[in-house]
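What follows is one structure encoded as structure tokens, with my remarks underneath.
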There are 2 protein chains.
Amino acid sequence: MKAQQPAVSITTQNSGNRARHKQQREQLLLQLAQQILQQEGFAGLTMDRLTAASEVSKGTIYNHFCSKEDLITALSVDSLERQLLLFQQALSVSGHSRERALALHYAYFLFSTTEPTLFLCLLSAATPAVVEKSSASRLAQRQALEQQLLEFCQQVIRQALAENAISLQDGCSIEELTYLQWAQAFGANALYRPAQQMGFFQGLAQQQLVLAGVNLMLDGLGWRPLSADFDYQSCWQRIALALQQQTPQAQS
Amino acid sequence: MKAQQPAVSITTQNSGNRARHKQQREQLLLQLAQQILQQEGFAGLTMDRLTAASEVSKGTIYNHFCSKEDLITALSVDSLERQLLLFQQALSVSGHSRERALALHYAYFLFSTTEPTLFLCLLSAATPAVVEKSSASRLAQRQALEQQLLEFCQQVIRQALAENAISLQDGCSIEELTYLQWAQAFGANALYRPAQQMGFFQGLAQQQLVLAGVNLMLDGLGWRPLSADFDYQSCWQRIALALQQQTPQAQS
DNA sequence: GACTATTATGACGATTCGTCAATTTACTCG
DNA sequence: CGAGTAAATTGACGAATCGTCATAATAGTC
């Protein structure tokens, strides 16, 4: 069950391979950290344990991550990279602008459920205790990725404007719209587990809630076609199929 | 600058006072913890520091909080209690149902800005690392308070139904609506700082974003009067005045 | 005023973090 | 190919923090 032989031919002769090798190991360390997180919980993730699980020493690990918190931030960066991939796939589905917006929301939802651990990392990484002790470069990475994600959202909104599917009156900027949708998606996905755990709703699936939230918001905006004039339920399912069948991919 | 003389007459003779005295001290400890949090950051909050700042020993502190994480959860309980007070005040403003819904959103926003530290505690307390090491009783307290808060929201929605200001077609339950508004409010307030820090929007105030988000969502729901037919901007300001002038209260 | 139950104390062991001098490895060049 | 140098790795160690527990103090009772 140990899938981590070095396996890479470490016959790196020119210094170009050094960086690549280092990055591969970092990826492996992140994978291990994620495993520990899933199996032992957040309190169980210690640097010594990661050291034991890996094949390098603690010093080397601190050569990659300047602190335990930096490791969490690194995991969040990894999360965002995967989200980015999902977003790209989501935008490859065809349809009018509102369908594509829905696809992005689905991608976000999909990530939050298929990778709950990483999604929680994202939450933890936003916490002051973590931010305070993460390296500046890692924080910059995270910021850059977030900006890229938001860029995708803005693209869809611009498409909607071009299609004349929405009209931005009364000083409502593209940034504002993007932010509000981001907030909606973040809240609806992040709060689901806690709410369910406290027995707030019984039968309601997370999917239905997210879809309903998006429809409410986009209807409020007047993004045509309105949910009364279009079957976004089946649109949602079509998107689900399109994204799901692409997910089985690179693992080792 | 030290505002923490015991000051309470500890001439507790009958055992009824014991519990009360203990609770007072717990409140004081929470206040101190919050101070440390503001001044030293999350990484600076250690049990030893709290011990030094207080006038009791470490053992006694661990008599109140079974772990450092339990302390964080206790702070979040404190936050929720204050939120509850704000919600009560918010519901005391007069108006039609949608105005009252707006008042709740304002109360939430107000809390997130006037008590940023406590708001972040709420976020941290939702983190697995904290949940895992908090006492069951404290977690139950938090859950109960959250349920009370949601109860307030449901009240307003029921009022709206009674006023015939909304109609719940297609199996959209009260719980669903409550959840979606909660999610919207949570997201819009929690993400503001990070988004601003990454320079995503320049001039946009948090207030405007929150208000816009609520309007979008409630318009989408068809909650009358729609934002096109009513000046929710001045309504918002009126609520602000009504709540602001009640805030200066109990501190020492 | 003696006696008991409850609470408080802070020194202590256990963990975990993060460092750094010593060592090994990788690469260069004569 | 082998000596020399730069870079990376190691793991023992100090520091900091958590949480405990035997002892001491206090409150309440008879």
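Per chain, numbering begins at 1; letters A, B, ... match sequence-line order.
- Along DNA chain C, the nucleotide nearest B:K58 and the nucleotide nearest A:K58 are compared for position; the residue whose nucleotide lies closer to the 5' end is B:K58.
- Nearest nucleotide to the side chain of B:S57, out of D:dT10, C:dA8, C:dT16: C:dA8.
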inquiry  = With side-chain hydrogen bond (donor to acceptor under 3.5 Å, both in side chains) as the criterion, how do B:Q27 and B:D78 come out once you've worked through the C-alpha distance, each side chain's angles and the decisive distance to 0.1 Å?
reply    = CA-CA 9 Å; B:Q27 211 56 36; B:D78 202 49; 2.9 Å; yes
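- Look at NZ on B:K68: it is 14 Å from C1' on C:dT15, rounded to the nearest Å.
- Rounded to an integer number of Å, the gap from NE2 of B:H64 to C1' of C:dA8 is 10 Å.
- How far CD of B:E115 is from OG1 of B:T113: 9.5 Å, rounded to the nearest 0.5 Å.
- Counting heavy atoms from C-beta on, the side chains of B:L37 and B:L75 come closer than 4.5 Å.
- The shortest distance between the side-chain N/O atoms of A:T46 and the OP1/OP2 oxygens of C:dT16 is not below 4.0 Å.
- Atom pair B:L45:CG and D:dA16:C1' shows a separation of 15 Å (rounding to whole Å applied).
- Along DNA chain C, the nucleotide nearest to A:R49 and the one nearest to A:G59 differ in position, and the one closer to the 5' end is contacted by A:R49.
- The interatomic distance linking B:M47 (CE) with C:dT9 (P) rounds to 14 Å, in whole Å.
- Separating the NZ atom of B:K133 from the C1' atom of D:dT17 is a distance of 11 Å, rounded to the nearest angstrom.
- In this structure, B:L50 places its CG atom 15 Å from P of C:dG10, rounding to the nearest Å.
- Taking atom CG of A:D48 as the reference point, atom P of C:dT19 lies 14 Å away to the nearest angstrom.
- Taking every side-chain heavy atom of B:N63 into account, C:dA8 is the closest of D:dG19, C:dA8, D:dT9.
- Ion pairing of A:K133 with A:D70 is absent here, as no side-chain N (NZ or NE/NH1/NH2) approaches a carboxylate O to less than 4.0 Å.
- Between B:K22 and B:E26 there is no salt bridge, since no side-chain nitrogen of the basic residue lies less than 4.0 Å from a carboxylate oxygen of the acidic one.
- Picking from D:dT9, C:dT7, D:dG19 the nucleotide with the shortest atom distance to the side chain of B:E69 gives D:dG19.
- Across all strands, B:K22 comes closer than 4.0 Å to no nucleic acid atom at all (heavy-atom distances).
- One atom, CD of A:E26, and another, P of D:dA8, lie 14 Å apart when rounded to the nearest Å.
- Closest approach to the A:Y62 side chain among D:dG19, D:dT10, C:dC17 is made by C:dC17 (side chain taken as heavy atoms from C-beta onward).
- Residue contacts for B:T51: at a heavy-atom cut-off of 4.0 Å it reaches no nucleic acid atom on any strand shown.
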